[in-house]
Amino acid sequence: MHYVERIAKYSFVPITLFFKTGKKQESCCQVILLVDEYNWIHDYKIQWKKLFITQFTTEAHFNKSNAFRFKFRNKVLENIGLTNTPNINGRCKQYINLKNEQIKKINSLFKSEWIGQTLGNIDYIITGSNPSGQGNPTKSSFYLKNRNQKENIGFLFQSLRLKFKKDELDSNEYKLLWKDYFSRKNNIKQYKDFYEWLNHDHNLKDDFDYFNHRLTPQEQKTKIKKIQKKYCPQRIKHEEICNIVRKYRNDLYSELNKKRKNFTENFWEKKFDDVYIDLVEFAHIKPVCEIKKECIKNNFDKEILLEIKDEDNILPLKPDTHTLFDKHKIYWDPKSGCLKFIDPLEPDIVDDNIKNIPQKTLSKIDHFLSWYKDNVICKRS
């Protein structure tokens, strides 16, 4: 998927979270959620502002030293000059208030290596012991603060977090999104804070307020599973759809890359040099995100997703032309096959070789071009 199309479906949500560390200490971090247009959480990153940490770890965990969280905690402690030490007989832990330079080192580790982990495991990295229950604000180790009142977010995070494998979250698609965020390019929508994001979805807001402000701690223990169960069926369906979309897209690009020269020259009925062919990208006429929306709208009809890997839904374009197309500045007329400019642009901004789609090609792709004109161009004007 081209970058312009990719970023259209995502937003960043910054959240200031607090973590209990010891009896009196309180660590603070910013968690950045990567959410899609349906408010499902795909991934998150964490950057510490204030951090207390102990070098003492539950003794039994040294028998499970291959676990990711144990190895990551080892690396964190080593980076700030501490040794991971068994907490023998559960003695009282001492917490160290880290300096800014130490926090920078830890933030760098979290940024590059903390992928696909739960919020609860963050607590383990700090405390060296298993996290307390996320369903009760009086026991939860991490929380929001709203007018000095603690609010629980763990139940919402668990309900909305899509469960992807680490290698899926470590793909180029997500890497490019995070690169945009950390380079401060601001190409992707960013909410002011958690509450702005929450307020634009009444169902989420109602559940959040109900759990945090209308239930007693005892009621929260019994109601949390009921609230989470409400989201579970839809979340599972979205996970399945996302995985199918990813597979179809990868299959398509893999197949087209094997025959990129033949596909491009047959499409335009012209010969191109190897330099041009190497630059070609495969643009979806009907965007992947729109196909996905249509699938969800039609009760998760998976047959609709086949349009993602339909080669008749593809335009072979150079990157600059691909960007113009995804930004809806140009299109090809479904009847004539002629290139049309939406805004005043220099005609030579697009190669003469691709200003007209040959009739043979047009007869195969005209229904996708008609969709694009009716649903993108006409609505834009």
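Just so you know, residue 1 is the first one in the sequence shown, and it goes up from there. Only heavy atoms go into these numbers, but all of them, side chains included; no hydrogens, no water, no symmetry mates.
- Ring to ring, H200 and Y191 are close: their centroids are under 6.0 angstrom apart.
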Report, one line per pair, each donor and acceptor closer than 3.5 Å where one atom sits in a side chain of residues 267-274; sequence neighbours left out.
residue	atom	partner	partner atom	Å
W268	NE1	P316	O	3.2
D273	OD1	V275	N	3.2
D273	OD1	Y276	N	2.7

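- Because its NZ or CZ atom is both nearer than 6.0 Å to the ring centre of F182 and within 45° of the ring axis, K111 counts as a cation-pi partner of that residue.
- Using a 4.0 Å cut-off between charged side-chain N and carboxylate O, K302 and E240 make a salt bridge.
- Checked for salt-bridge contact, K9 and E290 miss the test: no charged N lies under 4.0 Å from a carboxylate O.
- The main-chain N or O of N353 is never found under 3.5 Å from a side-chain atom of D351 such that the two would form a donor-acceptor pair.
- Taking the charged nitrogens against the carboxylate oxygens, K205 and D201 have no contact shorter than 4.0 Å, which rules out a salt bridge.
- Between D123 and K20 there is no salt bridge, since no side-chain N of the basic residue sits under 4.0 Å from a carboxylate O of the acidic one.
- For E101 and K104, the salt-bridge test passes: some basic side-chain N is under 4.0 Å from an acidic carboxylate O.
- Residue D193 comes nearest to V13 through the heavy atom pair O-CG1, 4.2 Å, listed as atom of the first residue, atom of the second, then distance.
- Note on ring orientation: taking the six-membered ring where Trp is involved, the planes of Y174 and H42 are tilted (angle from 30° to 60°).
- In this view, F18 satisfies the ring pair (Phe, Tyr, Trp, His ring centres under 6.0 Å) rule with no residue, not counting sequence neighbours.
- Just one of K329, H328, H322 meets the side chain to side chain contact (heavy atoms under 4.5 Å, CB included) condition when paired with D326; it is H322.
- A donor-acceptor pair under 3.5 Å is formed between the side chain of E239 and the backbone N or O of K163.
- W48 has its ring centre less than 6.0 Å from the ring centre of F19.
- In this structure, W114 and F72 have tilted ring planes: the angle between them lies in the 30° to 60° band.
- Side-chain rings of W178 and F12 approach one another, their centers coming within less than 6.0 Å.
- Taking the six-membered ring for Trp and thresholds of 30 and 60 degrees, F208 and Y195 have ring planes more than 60 degrees apart, a perpendicular arrangement.
- For the pair K75 and E113, the salt-bridge criterion is met [side-chain N within less than 4.0 Å of a carboxylate O].
- By the 6.0 Å and 45° rule, K150 stacks over the aromatic ring of Y143.
- Within 6.0 Å of NE2 in H213 there are more than 12 heavy atoms belonging to other residues, nucleotides or ligands.
- Ring planes of F300 and H238: perpendicular class, angle over 60° (limits at 30 and 60°).
- Counting heavy atoms of neighbouring residues, nucleotides and ligands inside a 6.0 Å radius, atom NZ of K145 exceeds 12 of them.
- Residues Y124 and F70 place their aromatic rings such that the two centres sit no closer than 6.0 Å.
- We find that K105 and E78 are not joined by a salt bridge, their nearest charged nitrogen and carboxylate oxygen being 4.0 Å or further apart.
- Under the rule for a salt bridge (charged side-chain N to carboxylate O under 4.0 Å, His left out), E219 has no partner lying at least two apart in sequence or in another chain.
- Residues R73 and T57 bring a donor and an acceptor atom of their side chains to less than 3.5 Å of each other.
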